[in-house]
Amino acid sequence: MRKLLTQLFVNALSLWVIDFVMSSVYISTPTALVGTALILVILNAALKPVLQLVSLPVTFLTLGLFALFINAFVLELAFSFVSGSYIAGFSSAVWASILLSIVNSALNTIMD
């Protein structure tokens with residue numbers, strides 16, 4: 001339970017940073033921020049491992065680069081579930097997923 005709350009907090013803070021830095025990402029309310037972070041945690045736990053397993057040959061052939069597109073797809077899907085959150089397109093989702101990975105790594109290092 002504590003790990004879930006930590007992931008929710010880290011993702012919410014990371015999404016807030018992404019909303020602040022990128023003009024193509026918009027989260028209107030704190031409720032939409034927490035909702036998007038919650039959906040992102042759920043999708044990362046349930047859907048992302050399945051997508052990574054299915055796309056393992058392509059990921060291997062692209063030397064891991066395809067994993068970036070899986071992250072962007074999961075992020076864009078999370079934004080589509082929550083009203084009040086908006087991401088401009090798939091290219092914005094790719095850049096946002098890169099930034100999300102960097103900020104999540106930094107925050108997880110600080111919190112551990």
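All values derive from a computational prediction rather than experimental measurement.
Cluster membership check: L8 does not share its hydrophobic cluster with L40, using side-chain heavy-atom separations under 4.5 Å among Ile, Leu, Val, Met, Phe, Trp and Tyr.
The minimum heavy-atom distance between I70 and S55, with the atom names listed, is CD1-OG, 2.9 Å. A pairwise comparison of heavy atoms in E76 and G89 identifies OE2-C, 3.7 Å as the closest pair. In terms of heavy atoms, T36 sits closest to A32 at OG1-O, 2.7 Å. Nearest heavy atom pair, residue S105 against residue T109, reads O-OG1, 2.8 Å. Considering every non-hydrogen atom in both L107 and S14, the closest pair reads CD1-OG, 3.6 Å.
Put simply, the side chain of I98 reaches to within 4.5 Å of the side chain of I102, judged on heavy atoms. N71 has its side chain out of reach of L100: every pair of non-hydrogen atoms, C-beta onward, lies at least 4.5 Å apart. In this structure, the side chains of Q52 and T59 stay at 4.5 Å or more apart for every pair of heavy atoms. Using a 4.5 Å cut-off on side-chain heavy atoms (C-beta onward), D19 and L33 make no contact.
Only one option out of Y86, F79, F20 pairs with V25 in a side-chain contact (heavy atoms from CB on, under 4.5 Å); it is F79.
Note: N44 CG to I39 CD1 = 11.5 Å, rounded to the nearest 0.5 Å.
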